[in-house]
Amino acid sequence: MPELPEVETYRRFLDALVVGQRLAAVEVLDAHVLVTKEAELRAALVGATVLATQRLGKNCFLELSTGQVLVLHFGMTGDVGAYRDDHDRPRFTRVAFHLADGLRVAFIDPRKFGRIRVADSVAAYQREKHLGPDALDLSPEELTAALGRRKTLVKPALLDQRLAAGLGNWIVDEVLFQAGIHPERIAASLNAAEVSRLHAAIQLVLRTAIEHEASYQRFPLSFIIHAREWDAYPVPQSDDYKRCPADQSTIVKKYVGGRATYFCPVCQKET
DNA sequence: CTGAGTGTTCTTCG
DNA sequence: ACGAAGAACACTCA
């Protein structure tokens with residue numbers, strides 16, 4: 001789930017619930033997701049008020065009245081939820097943040113690849129993690145420069161959070177499809193027109209996904225994401241999802257850079 | 001029972 | 001020394 005659009009959706013959810021609120025308690029149900037030690041986390045959070053939320057790539061931040069920030073990274077299966085009674089606590093809640101008004105915010109993560117920590121600032125965390133600019137803020141010039149110095153395949157290059165923060169596996173497939181670029185092209189071999197299409201596609205895919213609150217089944221039929229069969233295809237009882245929305249070619253699935261990759265062999269030529 | 005999975009990080013290898 | 005490929009992490013669900 002949690003690529004940039006999902007995390008932006010989580011951020012908006014949290015923003016509406018926690019900004020202006022004081023944190024009354026931190027309940028750790030599974031310390032595995034903690035990077036900052038439990039006692040230290042509690043000391044940093046309890047009594048602090050949340051001033052604002054931020055997002056950089058796949059990371060969500062809660063700015064605290066103490067000047068520090070709570071950093072949430074959702075791994076592969078992270079989610080957020082809100083509840084009031086223990087008995088309504090969502091399954092797989094690993095940490096619960098209790099607000100002064102009684103509401104509880106759940107950090108939900110079945111697979112436990114998510115991470116929670118306290119950092120001194122967003123900028124300090126970005127430096128420590130070598131995160132590039134947020135993918136929505138990446139300029140065409142930055143993209144051109146970053147791809148130009150890489151001899152790697154373009155898909156792994158785009159997944160590298162140092163290039164731009166927030167692009168994940170399905171988004172990169174969608175971006176490459178929308179730009180008509182094969183995932184195994186060498187990054188530095190893209191010409192100016194291709195890099196330009198790539199930049200436009202990053203904007204299109206991210207903005208579309210955020211607009212639909214990252215709910216895949218509501219994405220346009222012109223998106224290749226439907227080939228992944230994650231959600232019910234908008235047209236029931238149809239096998240069309242296995243075909244390219246542009247030319248009906250059969251979508252190819254193969255592993256690129258160790259990740260499942262879907263593309264149209266006709267729209268995205270290798271040479 | 002087996003396998004696959006939306007992310008990151010560490011290790012290994014060239 | 002550096003990049004890149006591969007494995008590991010932990011767990012659910014199909």
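Order of the sequence lines sets the chain letters (A, B, ...), proteins ahead of strands, with each chain counted from 1.
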Clusters formed by hydrophobic residues whose side-chain heavy atoms approach within less than 4.5 Å: which one holds Leu51(A), and what are its other members? none

Take atom P in dT8(B) and the same atom in dC13(C), then report the distance between them in whole Å. 23 Å

Toss me the dot-bracket line for DNA chain C: Watson-Crick and G-U wobble, both under 3.5 Å, 5' to 3', using | for pairs to another strand and [ ] for crossers. .||||||||.||||

Mind checking the CD1-CZ spacing from Ile251(A) to Phe177(A)? Nearest 0.5 Å is all I need. 6.0 Å

Under the side-chain contact (heavy atoms from CB on, under 4.5 Å) rule, collect the residues that match up with Gln161(A), sequence neighbours excluded. Lys58(A), Leu131(A), Ala165(A)

Should Gln161(A) be listed as having a side-chain N or O under 4.0 Å from OP1 or OP2 of dT8(B)? yes

Send over the distance from Glu128(A) CD to dT8(B) C1', rounded to a whole Å. 13 Å

Do any N or O atoms of the protein come closer than 3.5 Å to N or O atoms of nucleotides 3-10 of chain C, and which pairs are they?
residue : atom : partner   : partner atom : Å
dA4(C)  : OP1  : Thr152(A) : OG1          : 2.6
dA10(C) : OP1  : His32(A)  : NE2          : 2.9
dA10(C) : O4'  : Arg111(A) : O            : 3.3
dA10(C) : N1   : Arg111(A) : NE           : 2.7
dA10(C) : N1   : Arg111(A) : NH2          : 2.8
dA10(C) : N3   : Arg111(A) : NE           : 3.1

Closest to the Lys58(A) side chain: dT8(B), dC13(C), dA4(B)? dT8(B)

Apart from Val252(A) itself, which Ile, Leu, Val, Met, Phe, Trp or Tyr residues share its cluster (side-chain heavy atoms under 4.5 Å, direct or through members)? Phe263(A)

Please work out if Phe74(A) contacts a base, only the sugar-phosphate, or nothing of the nucleic acid, heavy-atom cut-off 4.0 Å. nothing

Scan nucleotides 9-12 of chain B against the protein and return all N/O pairs shorter than 3.5 Å with their distances rounded to 0.1 Å.
residue : atom : partner   : partner atom : Å
dT9(B)  : OP1  : Lys129(A) : NZ           : 2.7

Leu56(A) CG - dT8(B) P separation (whole Å): 11 Å

Residues two or more places apart in sequence or in another chain: which of them pass side-chain contact (heavy atoms from CB on, under 4.5 Å) with Ala146(A)? Arg149(A), Leu163(A)

Run the side chain to side chain contact (heavy atoms under 4.5 Å, CB included) check on Leu198(A) and Leu147(A) step by step: do they pass? CA-CA 11 Å; Leu198(A) 204 51; Leu147(A) 293 176; 3.7 Å; yes

Residue set satisfying salt bridge (Lys or Arg N to Asp or Glu O under 4.0 Å) with Arg207(A), at least two apart, ordered chain then number -> none

Check side-chain contact (heavy atoms from CB on, under 4.5 Å) between Arg111(A) and all other residues, then give those that pass, not counting sequence neighbours. Met76(A), Thr77(A), Asp109(A), Phe113(A)

Look at all strands and tell whether Arg149(A) reaches a base, only sugar-phosphate, or nothing, counting heavy atoms closer than 4.0 Å. nothing

For Thr144(A), enumerate each residue passing the side-chain contact (heavy atoms from CB on, under 4.5 Å) test, keeping only those at least two apart in sequence or located in another chain. Val195(A)

Give me each pair satisfying salt bridge (Lys or Arg N to Asp or Glu O under 4.0 Å) with a member in residues 254-271 of chain A, each pair once, sequence neighbours excluded. Glu184(A)-Lys254(A)

Sequence neighbours excluded, which residues qualify as salt bridge (Lys or Arg N to Asp or Glu O under 4.0 Å) partners of Glu38(A)? Arg42(A)

Send over the distance from Arg259(A) CZ to dG5(B) C1', rounded to a whole Å. 8 Å

Examine dG5(B): is either OP1 or OP2 under 4.0 Å from a nitrogen or oxygen in the side chain of Tyr255(A)? Give yes or no. yes

